[in-house]
Amino acid sequence: MITATIENEHYTCIITDGSKEILADEPLELGGQEKGFAPLSLLLSALGSCLAITLRMYIDRKAWSVEKIEVNVRMENENGEDVFYEEVTCWGTLTEEQKRRLEDVALKCPIAKILTKSHNINSSVL
């Protein structure tokens, strides 16, 4: 479970999983103080880091020669629909066939699976 807490400071939010903390905030132009990632950036971070970890696990299992993986993620609204774009750069030696396989593996990233399903959100104010 994640707990997000905000007090009177606009709009700095402390996010914790019970053992680690990060900050979320809004940019200055939206009244925030830029002390942490904006919420959308956190969502993109979850997708990018999950993809990088998923690819690293697969590459390690296959014993492919890749020293570094970098994932850039952005979201754009196209015709009223949010579309995520992921660009992966691998430092190492990969064949074209291996690159195509990694594109298939990318779709199996747990966060990507969550984002591509329809979901319900149940909120209650106590």
Side-chain angles (χ1 to χ4, degrees):
M1 179 169 49
I2 297 293
T3 301
T5 305
I6 189 168
E7 294 181 357
N8 293 325
E9 187 176 3
H10 290 244
Y11 290 102
T12 304
C13 187
I14 299 168
I15 302 167
T16 182
D17 68 355
S19 64
K20 296 168 288 308
E21 288 185 354
I22 59 173
L23 294 179
D25 203 347
E26 291 291 345
L28 294 172
E29 62 269 13
L30 295 178
Q33 299 182 44
E34 292 191 28
K35 290 185 176 180
F37 286 99
L40 179 58
S41 295
L42 288 170
L43 175 65
L44 297 177
S45 298
L47 180 58
S49 60
C50 186
L51 176 54
I53 291 166
T54 299
L55 293 179
R56 173 50 69 196
M57 287 176 173
Y58 186 83
I59 288 168
D60 288 352
R61 194 169 63 247
K62 294 292 187 177
W64 292 348
S65 179
V66 174
E67 297 81 41
K68 178 179 171 183
I69 302 164
E70 182 177 283
V71 178
N72 292 305
V73 182
R74 73 181 194 284
M75 186 181 78
E76 295 182 11
N77 188 285
E78 297 177 1
N79 301 317
E81 183 177 325
D82 292 327
V83 179
F84 294 91
Y85 291 92
E86 303 168 321
E87 183 178 277
V88 179
T89 304
C90 294
W91 280 261
T93 306
L94 292 172
T95 66
E96 288 304 311
E97 182 180 326
Q98 289 170 323
K99 290 177 184 178
R100 297 300 77 80
R101 181 64 190 129
L102 291 178
E103 289 174 355
D104 292 338
V105 169
L107 299 174
K108 294 176 173 59
C109 158
I111 299 296
K113 286 181 176 180
I114 290 168
L115 291 173
T116 56
K117 292 180 183 177
S118 66
H119 299 290
N120 295 318
I121 298 177
N122 297 312
S123 299
S124 59
V125 177
L126 306 175

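Numbers here are sequence positions counted from 1. This is a predicted model, so every value here is computed, not measured.
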Within 6.0 angstrom of [X] [atom1], more than 12 heavy atoms from elsewhere:
| X | atom1 | result |
| --- | --- | --- |
| M75 | CE | yes |
| E97 | CD | no |
| E81 | CD | no |

Given a cutoff of under 4.5 Å between side-chain heavy atoms of I, L, V, M, F, W and Y, with clusters grown through shared members, what are the other residues clustered with [X]?
| X | value |
| --- | --- |
| I121 | none |
| I14 | L23 |
| L42 | I2, I15, I22, F37 |

Rounded to the nearest 0.5 Å, what's the gap from [atom1] on [X] to [atom2] on [Y]? Could you check?
| X | Y | atom1 | atom2 | result |
| --- | --- | --- | --- | --- |
| E70 | L55 | CD | CG | 13.0 Å |
| Q98 | K62 | CD | NZ | 9.5 Å |
| T116 | I111 | OG1 | CD1 | 11.0 Å |

Check [X] against [Y] and note the closest heavy-atom contact, atom names and distance.
| X | Y | answer |
| --- | --- | --- |
| S49 | A46 | OG-O, 3.4 Å |
| E67 | G92 | OE1-CA, 3.5 Å |
| D25 | K35 | OD2-N, 3.0 Å |
| A112 | A106 | CB-O, 4.1 Å |

Tell me, please, which residues at least two apart from [X] pass side chain to side chain donor-acceptor pair (under 3.5 Å).
| X | value |
| --- | --- |
| Y11 | none |
| D60 | R56 |
| K20 | D17 |

Applying side chain to side chain contact (heavy atoms under 4.5 Å, CB included), can you list everything that pairs with [X], at least two apart in sequence or on another chain?
| X | result |
| --- | --- |
| P110 | C50, T54 |
| T16 | T3, E21 |
| A52 | V71 |
| E78 | E76, V83, Y85 |

Hydrophobic clustering (ILVMFWY, side-chain heavy atoms < 4.5 Å, transitive) - are [Y] and [X] grouped together?
| X | Y | answer |
| --- | --- | --- |
| V88 | L47 | yes |
| I114 | L43 | yes |
| I53 | L44 | no |

For residues 103-113, which residue pairs qualify under side-chain hydrogen bond (donor to acceptor under 3.5 Å, both in side chains), counting only residues two or more places apart or in two chains?
R100-E103
Can you tell me which residue pairs pass the salt bridge (charged side-chain N to carboxylate O under 4.0 Å, His left out) test with a partner in residues 115-126, sequence neighbours excluded?
none
For L28, is there any backbone N or O sitting under 3.5 Å from a side-chain donor or acceptor partner on E34?
yes
Is a donor on one side and an acceptor on the other found under 3.5 Å between the side chain of Q33 and the backbone of H10?
yes
Is there a side-chain contact between D82 and L115 (heavy atoms, below 4.5 Å)?
no
Criterion side chain to side chain contact (heavy atoms under 4.5 Å, CB included) on L51 and I69, from CA distance to verdict:
CA-CA 10 Å; L51 176 54; I69 302 164; over 6 Å; no
